[in-house]
Amino acid sequence: MREQAEEDDQLSTLMRGLRGQNIDDRDFADANVRMQLVEIDSSYEGDALPLVYDPDQIAAYWSKRPVAVMTRVLQLMGIAGGFISSIVGDLIAGNIERNDVLRARQLREIVTSLGPAYIKLGQALSIRPDILSPAAMNELQQLCDKVPSYDSEIAMELLRQELGRDWKEIYSELSTEPVAAASLGQVYKGKLRSTGEAVAVKVQRPYVLETVSVDLYVMRRIGFALRKVPQITTDVVGLLDEWATRFFEELDYVNEGKNGTKFAEQMAEDLPQIVVPKTYSEYTSRKVLTTSWLEGEKLSQSTADDVGDLVNIGVICYLKQLLDTGFFHADPHPGNLIRTPDGRLAILDFGLMTQVNNDIKYGMIEAISHLIHRDYEAIVQDFVTLEFIPEGVDLSPILPVLAKVFDQALEGGGAKNINFQELAADLAQITFDYPFRIPPYFALIIRAIGVLEGIALVGNPEFALVDEAYPYLAKRLLTDNSPRLRKALRYMVYGRGTVFDAERLIDLLEAFETFSANTQSTRNAGKQQDKVEAGRTSRNNPFRLPPPPFGFPTPPALPAPAPARAFLGSTNLVSPAGTNSNAESREALKFIFSSEGEFFREFLVDEIVRGIDAVSRLQANSAAKTFGLEKMYIPVLLPGAVKRALPISPEVSEEDKLVVENVTKILAFLASGKNGQLDTASVISELMPVLPELATELLPEVSSRLVSRTAARTIRDIYVRE
């Protein structure tokens with residue numbers, strides 16, 4: 001299927017569109033570009049436009065201003081009259097699909113002049129394969145959001161109005177001309193008068209709210225008219241309202257600043273290598289945003305040796321947004337990914353964010369666990385949850401196609417070696433022949449991963465995205481206390497059987513250790529950099545990001561025994577500074593004794609009980625054979641017994657032998673040191689502080705479960721007919 005798909009021009013075009021290979025990320029537009037706005041100041045005309053999207057209030061406002069609306073319509077007709085006539089002609093002739101590429105190209109050529117609403121709408125449609133054809137998406141991706149800057153005197157006056165004082169009272173320096181200009185605003189570089197810190201100051205264009213709202217008013221009127229056209233089955237008004245709600249949020253720079261702050265807090269614990277500009281809320285308003293100035297170069301243009309490492313960090317960052325926080329950066333393109341001089345990855349522009357719900361977050365991980373076991377029937381159901389397949393669709397024709405796709409993806413060495421972009425291409429191919437679509441959030445994922453993978457492959461042709469991401473996925477599975485993810489973890493380890501897969505569990509634990517080690521390594525490097533920065537600050541006081549506190553969040557679970565906390569030095573999963581760096585015990589072992597290891601301890605105790613039970617029967621069976629007693633029976637004198645005698649030599653199944661083998665493997669892995677060599681003496685020495693408490697708390701639990709298990713089996717053997 002993949003070889004055929006690569007030859008398919010339509011698929012190739014779709015994947016170029018999804019990966020964002022045509023994105024225009026220039027800082028300024030061509031000099032001949034002009035953007036027309038509606039120059040009506042809504043704040044001085046009694047009733048005001050809403051600051052949060054409200055189509056009824058917008059309609060009420062503009063219905064009272066027919067002259068302004070007609071002026072805007074004439075502006076639009078002057079720019080796009082020929083284009084609109086062509087669209088109407090396509091509707092009448094039924095040629096919408098046939099001419100969509102041509103119309104997309106025409107729209108791209110005129111849309112910048114139409115204003116910010118049309119620019120942003122075109123960009124939003126450029127990642128919607130469920131609405132546009134691949135070629136139309138490709139054309140719209142070449143839209144440039146950059147336009148010529150407006151007069152800086154107007155910007156300075158708007159600064160004064162928004163912040164309540166002259167800009168010179170706030171900033172000791174401000175560039176005379178903007179360093180970048182886009183459809184919504186333009187950016188200046190300056191210094192805060194109070195601290196001397198370098199800042200970026202974004203100032204919104206005048207009349208943006210007025211222009212955007214009147215354009216939405218006109219578009220909705222057209223959308224209502226299109227409902228009467230039989231050939232149009234898409235709810236244009238519904239899609240427009242969904243998009244406009246988020247677009248209005250992007251117009252609010254206070255919201256953008258809060259988004260950046262929230263994003264930075266969410267990344268701080270696991271990814272201290274991620275840098276987000278600090279928002280100065282006291283110098284921020286709806287139309288002015290002041291953030292720290294970050295020096296650096298576009299990651300896509302950097303030739304530094306650590307670009308590959310930063311790409312890995314970026315991949316994990318976007319996975320964390322998708323699988324953990326659910327707060328997703330909705331504008332992933334090369335211009336928003338910066339390599340800082342100290343070797344960290346800066347992410348910019350938080351005006352547009354997407355919220356991913358729990359069904360999507362957990363559904364992704366559940367699908368991965370099903371994929372590992374090649375449980376394709378479950379995966380098809382997962383794809384309904386993940387919105388790839390509509391509710392109520394007959395899944396039987398899709399199942400064999402998906403099975404073929406995933407078998408091919410897994411044949412190169414299992415889930416860790418899957419080529420994400422090739423798998424995405426195969427899934428995209430299915431959309432042409434089956435009721436299967438790429439949902440908008442997944443299109444963003446493909447875009448983000450495509451941008452990062454494209455950067456990585458330049459320096460490392462062997463880059464394997466899923467392999468790089470696996471340590472984070474392991475950490476997520478092992479430490480999340482949600483019932484759905486615990487169920488996914490059990491399924492990943494057990495599958496549909498009753499015996500866990502020791503090799504797969506060890507693989508997960510090793511990946512978790514890799515994640516912990518990498519995070520601690522980068523934190524140590526960050527601390528060293530902070531010391532250097534502290535010295536600089538004492539001399540000239542430039543802004544620097546403080547080192548975020550580390551330590552995985554502790555879920556509400558039973559705490560580890562007090563001596564265990566003393567042994568660990570913390571409930572964190574990574575050894576804190578100040579502990580013995582030469583400690584021999586594995587991070588996986590420390591994890592088990594931490595508060596976050598409570599669920600895993602439960603699992604381990606249960607398997608140890610099964611192992612002891614199986615070993616005891618194996619030993620009894622062996623002893624009976626040694627002494628020639630394997631054919632002897634013990635009489636059962638209990639009333640109601642189905643069996644009158646039980647063999648001295650207990651039954652031992654192949655499953656029992658597999659349980660013993662697996663438990664032995666896990667215990668040997670945990671007892672081995674960091675270098676993988678078994679060093680029992682060192683491990684026992686390091687565990688000595690916790691052994692008394694462990695004996696007090698765990699041994700009674702093991703004994704109780706063992707007695708219960710043995711009693712249950714004995715009762716079953718005596719009273720249950722086979």
Side-chain angles (χ1 to χ4, degrees), residues 27-28 146 148-182 184-206 252-261 263-265 268 274-299 302 335-351 526 529-548:
D27 292 327
F28 289 94
K146 306 303 185 290
S149 60
Y150 64 94
D151 192 333
S152 288
E153 288 188 11
I154 297 175
M156 296 307 105
E157 174 59 21
L158 194 147
L159 263 175
R160 185 191 64 77
Q161 293 175 6
E162 288 292 308
L163 301 183
R165 44 185 161 155
D166 190 271
W167 69 265
K168 295 179 181 178
E169 297 179 32
I170 301 171
Y171 312 102
S172 60
E173 296 178 15
L174 208 58
S175 57
T176 56
E177 295 298 326
V179 296
L184 296 184
Q186 56 197 37
V187 178
Y188 296 85
K189 182 179 180 180
K191 277 189 178 181
L192 288 179
R193 183 170 295 281
S194 58
T195 63
E197 294 166 316
V199 291
V201 183
K202 182 157 68 170
V203 186
Q204 195 170 105
R205 287 180 179 273
D252 185 355
Y253 287 172
V254 172
N255 186 63
E256 180 174 345
K258 290 179 178 178
N259 286 344
T261 300
F263 186 89
E265 291 171 350
I274 295 292
V275 183
V276 173
K278 174 187 175 182
T279 298
Y280 295 89
S281 56
E282 64 270 37
Y283 308 126
T284 294
S285 71
R286 182 175 176 82
K287 297 182 180 180
V288 175
L289 174 64
T290 303
T291 63
S292 59
W293 180 271
L294 293 180
E295 296 288 351
E297 57 184 343
K298 290 180 181 178
L299 187 64
S302 177
N336 286 337
L337 300 172
I338 304 296
R339 182 193 178 275
T340 64
D342 62 352
R344 291 194 277 184
L345 178 63
I347 298 180
L348 310 179
D349 195 352
F350 296 90
Q529 178 65 31
D530 289 332
K531 290 180 181 178
V532 175
E533 292 293 329
R536 294 174 182 167
T537 303
S538 64
R539 292 191 296 273
N540 54 23
N541 196 33
F543 171 72
R544 66 179 179 86
L545 287 175

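- The number of heavy-atom neighbours closer than 6.0 Å to CD of E153, taken from other residues, nucleotides and ligands shown, is 12 or below.
- The CG atom of N255 lies 9.0 Å from the CZ atom of R286; values are rounded to the nearest 0.5 Å.
- For T284 (side chain) and T290 (main-chain N/O), a donor-acceptor pair under 3.5 Å exists by modelled atom type.
- In this structure, L348 and P277 approach most closely via the heavy-atom pair CD2-CG, 3.6 Å.
- Salt-bridge annotation for K202 and E256: present, with a side-chain N of the basic residue lying under 4.0 Å from a carboxylate O of the acidic one.
- How far OH of Y171 is from NZ of K189: 15.0 Å, rounded to the nearest 0.5 Å.
- Between T291 and V199, every side-chain heavy-atom pair lies at or beyond the 4.5 Å cut-off.
- Panel note: side chain S152, backbone T176; a donor-acceptor pair is recorded below 3.5 Å.
- Of all non-hydrogen atoms in A264 and V276, the two that sit nearest each other are CB-CB, 3.8 Å.
- Put simply, NZ on K278 and CG on L294 are 12.0 Å apart, with the number rounded to the nearest 0.5 Å.
- Contact of the R344 side chain with the I274 side chain is not registered, since no non-hydrogen atoms from C-beta on lie closer than 4.5 Å.
- Here the closest non-hydrogen pair linking I338 and E295 is CG2-O, 4.5 Å.
- Y283 contributes atom OH, which lies 7.0 Å from atom CD1 of I170 (distance to the nearest 0.5 angstrom).
- With rounding to the nearest 0.5 angstrom, the OH atom of Y253 is 5.5 Å from the CG atom of L184.
- Atom CG in L289 sits 10.5 Å away from atom OG in S281 (nearest 0.5 Å).
- Across every non-hydrogen atom of A346 and T340, the tightest pair is CB-CG2, 3.9 Å.
- In terms of heavy-atom proximity, S172 sits nearest to L192 at OG-O, 4.0 Å.
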Practice problem: Tell me, with the steps shown, if V187 and V201 meet side-chain contact (heavy atoms from CB on, under 4.5 Å). | Solution: CA-CA 5 Å; V187 178; V201 183; over 6 Å; no
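- Of all the heavy atoms in R205 and S149, the pair that sits closest is NH2-CA, 3.9 Å.
- Counting heavy atoms from C-beta on, the side chains of Y280 and S194 never come closer than 4.5 Å.
- Applying the side chain to side chain contact (heavy atoms under 4.5 Å, CB included) criterion to E169, with sequence neighbours excluded, gives R165, D166.
- Between W293 and V179 the shortest side-chain heavy-atom distance falls below 4.5 Å.
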